[in-house]
Amino acid sequence: MVNLAKELHLALRNATVLPREFYNRDPATVAHELLGKLLIRRAGRKLLAGRIVEDEAYLGANDPAAHGFSGMTPRNAILFGPPGFAYVYFIYGNHYCLNVSCMPEGCGEGVLFRAMEPVAGIEEMAAARGIDIPTLAPKSGARMGHPIPFLSAAQLRLISTGPGRMCEALDITRERDNGKDFTSRRSDLYLADDGYRPERIAATPRIGIKKAMDEPLRFVVAGNPYVSGKRVP
DNA sequence: GAGGAGATCGTCT
DNA sequence: GACGATCTCCTCT
């Protein structure tokens, strides 16, 4: 019998970690190409993973909505560093948001991760989000009488649809993860390519900002149910 | 299902 | 002191 959990773990281990050069480009290109890639968090011996289905590009000094627009501060210093590093900030007194720095040092540009489709460690991520996981009673007469964890589609969407939820599911905080290197497998937070390519990608205006609202710098996997806000058909 | 308001606190001016 | 790249709960339709 195939052990699906083991197979999945192996597939994640075999995925190619995205190299530094991947991020050393303009954020719109990086955001577009990050869709479908795997965001992987190592938690002890467990791997938590999701497939990126929504992100946004922020263009530094050329973008009034970007954190880097007004220059470097202690808060956004990571964005002005080398490409491929995690920039985590706290917002609205409740939530963390995860970005990756792009372009060469000094540009202040990056990509905000907005949503991912849960792939591995789903029970752990649901628990981190405070989602109760009901269990299905085993069929009578079944040899292995364990209850089966069962999440509805609506509960799955609540795990990582939205930037704050994503961070909570992966237990990402500024204190622990700001400045982590996404390009190193030794890092406990990295991005990898398992060969998956989304069929259709759509570009829309960004969400929740009041400046440069019309720029189509939000990228989503069209038709994916884990995209936040209004579903893109 | 859609829309509005409140929660809550770090960051910047 | 004001603002904010959000989320959740509540109300209304």
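Below, chains carry the letters A, B, ... as their sequence lines are ordered, and counting in each starts from 1.
In summary, the side chains of A/S160 and A/R165 do not present any donor paired with an acceptor at a separation below 3.5 Å, with no hydrogens or angles considered. In the model, A/T29 has a side-chain atom that pairs as donor or acceptor with a side-chain atom of A/D26 under 3.5 Å. No donor-acceptor contact under 3.5 angstrom links the side chains of A/E21 and A/Y23, judged on distance only.
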From CA spacing to verdict: side-chain hydrogen bond (donor to acceptor under 3.5 Å, both in side chains), A/S228, A/E54: CA-CA 8 Å; A/S228 71; A/E54 178 183 354; 2.9 Å; yes

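Across all strands, A/R75 comes closer than 4.0 Å only to sugar-phosphate atoms, never to a base (heavy-atom distances).
Counting heavy atoms from C-beta on, the side chains of A/I209 and A/Y58 come closer than 4.5 Å. Side-chain contact between A/Y190 and A/T183 is absent, with no heavy-atom pair separated by less than 4.5 Å.
Take the nearest nucleotide of DNA chain C for A/K210 and for A/M166: the residue whose nucleotide is more 5' is A/K210. Taking the nucleotide of DNA chain C with the nearest heavy atom to each of A/I91 and A/G164, the more 5' of the two is matched to A/I91. Place A/N94 and A/T73 on DNA chain B by their nearest nucleotides, and A/N94 ends up nearer the 5' end.
In this structure, A/Y89 and A/H67 have tilted ring planes: the angle between them lies in the 30° to 60° band.
Ion pair A/D181/A/R185 not flagged as a salt bridge, since none of the NZ, NE, NH1 or NH2 atoms sits closer than 4.0 Å to an Asp/Glu carboxylate oxygen. Taking 4.0 Å as the cut-off between side-chain N and carboxylate O, A/R51 and A/D194 count as a salt-bridged pair. Between A/D188 and A/K180, at least one side-chain nitrogen of the basic residue sits less than 4.0 Å from a carboxylate oxygen of the acidic one, meeting the salt-bridge criterion.
A/N178 has its CG atom 13 Å from the C1' atom of B/dG10, to the nearest Å. The separation between A/H95 atom NE2 and B/dT8 atom C1' is 9 Å, rounded to whole Å. Separating the CD1 atom of A/I78 from the C1' atom of B/dT11 is a distance of 16 Å, rounded to the nearest angstrom. Look at OH on A/Y92: it is 15 Å from P on B/dA5, rounded to the nearest Å.
For the segment residues 50-67 of chain A, residues with any heavy atom less than 4.0 angstrom from an atom of DNA chain C are, sorted by number, A/Y58, A/A65, A/H67.
Linking Ile, Leu, Val, Met, Phe, Trp and Tyr residues whenever their side-chain heavy atoms come within less than 4.5 Å places A/L189 and A/M116 in a single cluster.
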- request: Can you run through DNA chain C from 5' to 3' and write each base as (, ), [, ], | or . depending on how it pairs? Watson-Crick or G-U wobble, both distances under 3.5 Å.
  value: ||||.|||||||.

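In summary, contact between chain A and DNA chain C, defined as any nucleotide atom under 4.0 Å from a heavy atom of the protein, begins and ends at C/dG4 to C/dT8 in the 5' to 3' direction.
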